[in-house]
Participant: 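The structure's right below; bear with me while I get my questions together.
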Amino acid sequence: PSATGVAVSGDGERVLVTRFISPLDHGEVTEVSASRLQVVRRFELAENPGPDTEATSRVVPNYLRSVLVTPDGRGAWVLSKQDNVGRGVARDGMPLTFETTTRTVLSVLDLEQNQERADARVDINNRSLGLAGALTPVGDYLFVALLGTNGVDVLDTFDGNSVGGRRELGSAPDGVALGANGRLYVHAFLSRSVLVLDASGVLSSTDFSLPL
């Protein structure tokens, strides 16, 4: 149901499809055989048992949109938000808070062992709705467009730590692509524009605004 994001492995054999709306207890990515278009397996993104803190919470990945296969084909990044389905006055008696209700999360799939790497999941603190991303050609950095924060974060894929970013990239960026020339193209959904950053992160004079 609600198939949304698609990625194809470099050899053209494996197709990964994200399920946008998750069931209650897990997120889901389906692998399809490119040659037969048959379901091969389903990756389940497990519920995080918590605890709820200022920087983490017990959550289920939801709104899975983009999935990015790493250049070496050994893994994939899944971008989504995460919803705290275990907390609330009607759930466990604890009130929902802005820090624990919904958060941005990046999940990692191991395409050799064919399972999620739960230890590699990245909870991006104080950011809102990262649904699109782009990997560098060698896969060492991940650019994440943050729809609700109006910017892009840059993460080191080795440890998941943020190593930079840029704000004020139009309103609601929901698409990002890295060009061969090192330029980053950011689609701002509500601004109806594509902004271009050079390799040093400086916004170029190019702004492809789309007519209303």
Side-chain angles (χ1 to χ4, degrees), residues 3-18 20 29 34 61 63-81 103-109 111 120-212:
T4 304
V6 179
V8 181
S9 60
D11 59 10
E13 293 297 322
R14 308 179 72 172
V15 180
L16 302 178
V17 183
T18 61
F20 188 60
V29 177
Y63 276 27
L64 279 64
R65 195 173 78 168
S66 298
V67 54
L68 310 169
V69 177
T70 58
D72 61 10
R74 299 170 61 185
W77 289 82
V78 184
L79 284 64
S80 71
K81 69 168 180 167
R103 303 178 63 85
T104 294
V105 67
L106 310 177
S107 304
V108 181
L109 304 181
L111 297 183
R121 187 180 290 181
V122 178
D123 185 330
I124 304 181
N125 196 28
N126 297 326
R127 302 289 187 271
S128 178
L129 214 55
L131 298 183
L135 287 162
T136 54
V138 296
D140 52 350
Y141 293 106
L142 171 63
F143 298 87
V144 181
L146 298 161
L147 186 77
T149 315
N150 294 337
V152 170
D153 265 20
V154 186
L155 279 75
D156 185 331
T157 58
F158 178 75
D159 56 18
N161 288 329
S162 177
V163 294
R166 176 69 190 260
R167 296 291 171 268
E168 299 180 357
L169 295 178
S171 298
D174 71 340
V176 61
L178 185 64
N181 55 7
R183 290 180 176 175
L184 191 71
Y185 298 82
V186 181
H187 174 241
F189 171 57
L190 292 180
S191 298
R192 300 177 62 85
S193 61
V194 176
L195 300 98
V196 186
L197 287 81
D198 65 22
S200 62
V202 176
L203 189 66
S204 77
S205 58
T206 305
D207 182 344
F208 301 100
S209 296
L210 306 177
L212 293 175

Participant: Which of these passes side chain to side chain contact (heavy atoms under 4.5 Å, CB included) with Val6: Leu16, Val67, Val15?
Facilitator: Val15
Participant: Please check if the side chain of Thr104 supplies one atom and the backbone of Lys81 the other of a donor-acceptor pair under 3.5 Å.
Facilitator: no
Participant: My understanding is that only one of Val108, Leu64, Leu68 makes a side chain to side chain contact (heavy atoms under 4.5 Å, CB included) with Val78; could you say which?
Facilitator: Leu64
Participant: What closest approach, in Å, do Ser171 and Ser191 show between heavy atoms, and which atom pair accounts for it?
Facilitator: N-OG, 2.6 Å
Participant: Please test Asp140 against Phe158 for side-chain contact (heavy atoms from CB on, under 4.5 Å), starting from the C-alpha separation and ending with a verdict.
Facilitator: CA-CA 7 Å; Asp140 52 350; Phe158 178 75; over 6 Å; no
Participant: What are the two closest heavy atoms between Gly12 and Ala34, and how far apart are they?
Facilitator: O-CB, 3.1 Å
Participant: For the backbone of Thr149 and the side chain of Ser128, can you confirm whether one donor and one acceptor N or O come within less than 3.5 Å of each other?
Facilitator: no
Participant: Can you find a heavy atom in the side chain of Asp174 that is under 4.5 Å from one in the side chain of Leu131?
Facilitator: no
Participant: What's the separation between atom CG in Asp153 and atom CG in Leu146, rounded to the nearest 0.5 Å?
Facilitator: 5.0 Å
Participant: With side chains defined as the heavy atoms from C-beta onward, is the minimum distance between Ser162 and Ile124 less than 4.5 Å?
Facilitator: no
Participant: Counting N and O atoms only, with roles assigned by atom type, does the side chain of Ser107 sit under 3.5 Å from a partner on the main chain of Arg121, one being a donor and the other an acceptor?
Facilitator: no
Participant: Where do Val144 and Gly130 come nearest, in terms of heavy atoms and distance?
Facilitator: CG1-CA, 4.0 Å
Participant: Between Leu197 and Val152, does the side-chain contact (heavy atoms from CB on, under 4.5 Å) criterion hold? Intermediate values first, please.
Facilitator: CA-CA 11 Å; Leu197 287 81; Val152 170; over 6 Å; no
Participant: I'd like to know whether CZ of Phe20 has more than 12 heavy-atom contacts from other residues, nucleotides or ligands below 6.0 angstrom.
Facilitator: yes
Participant: Between Gly170 and Ala188, which heavy-atom pair has the shortest distance, and what is it?
Facilitator: CA-CB, 3.9 Å
Participant: Output the distance between atom CG (Leu195) and atom CD (Glu168), rounded to the nearest 0.5 Å.
Facilitator: 11.5 Å
Participant: Closest heavy-atom contact between Ala177 and Ala134?
Facilitator: CA-CB, 4.3 Å
Participant: Distance from Leu178 atom CG to Leu142 atom CG, nearest 0.5 Å?
Facilitator: 11.0 Å
Participant: Is any side-chain heavy atom of Arg166 less than 4.5 Å from a side-chain heavy atom of Val154?
Facilitator: no
Participant: Tell me if a side-chain donor or acceptor on Asn150 pairs with a main-chain N or O of Ala172 at a distance below 3.5 Å.
Facilitator: yes
Participant: Would you please test Phe143 and Val186 for side-chain contact (heavy atoms from CB on, under 4.5 Å) and show each step?
Facilitator: CA-CA 10 Å; Phe143 298 87; Val186 181; over 6 Å; no
Participant: So Leu169 and His187, do their side chains get closer than 4.5 Å, heavy atoms only?
Facilitator: no
Participant: Look at the side chain of Arg14 and the backbone N and O of Val69, then say whether any donor-acceptor pair between them is shorter than 3.5 Å.
Facilitator: no
Participant: What's the verdict on side-chain contact (heavy atoms from CB on, under 4.5 Å) for Arg127 and Leu147, showing C-alpha distance, side-chain angles and the deciding distance?
Facilitator: CA-CA 9 Å; Arg127 302 289 187 271; Leu147 186 77; over 6 Å; no
Participant: Hey, what do you get for CG (Asp72) to OG (Ser9), rounding to the nearest 0.5 Å?
Facilitator: 11.5 Å
Participant: When rounded to the nearest 0.5 angstrom, what distance separates CG in Leu155 from OH in Tyr141?
Facilitator: 11.0 Å
Participant: Do side-chain atoms of Thr157 reach the backbone of Gly139 as a donor and acceptor pair under 3.5 angstrom?
Facilitator: yes
Participant: Please check if the side chain of Ser66 supplies one atom and the backbone of Leu79 the other of a donor-acceptor pair under 3.5 Å.
Facilitator: no
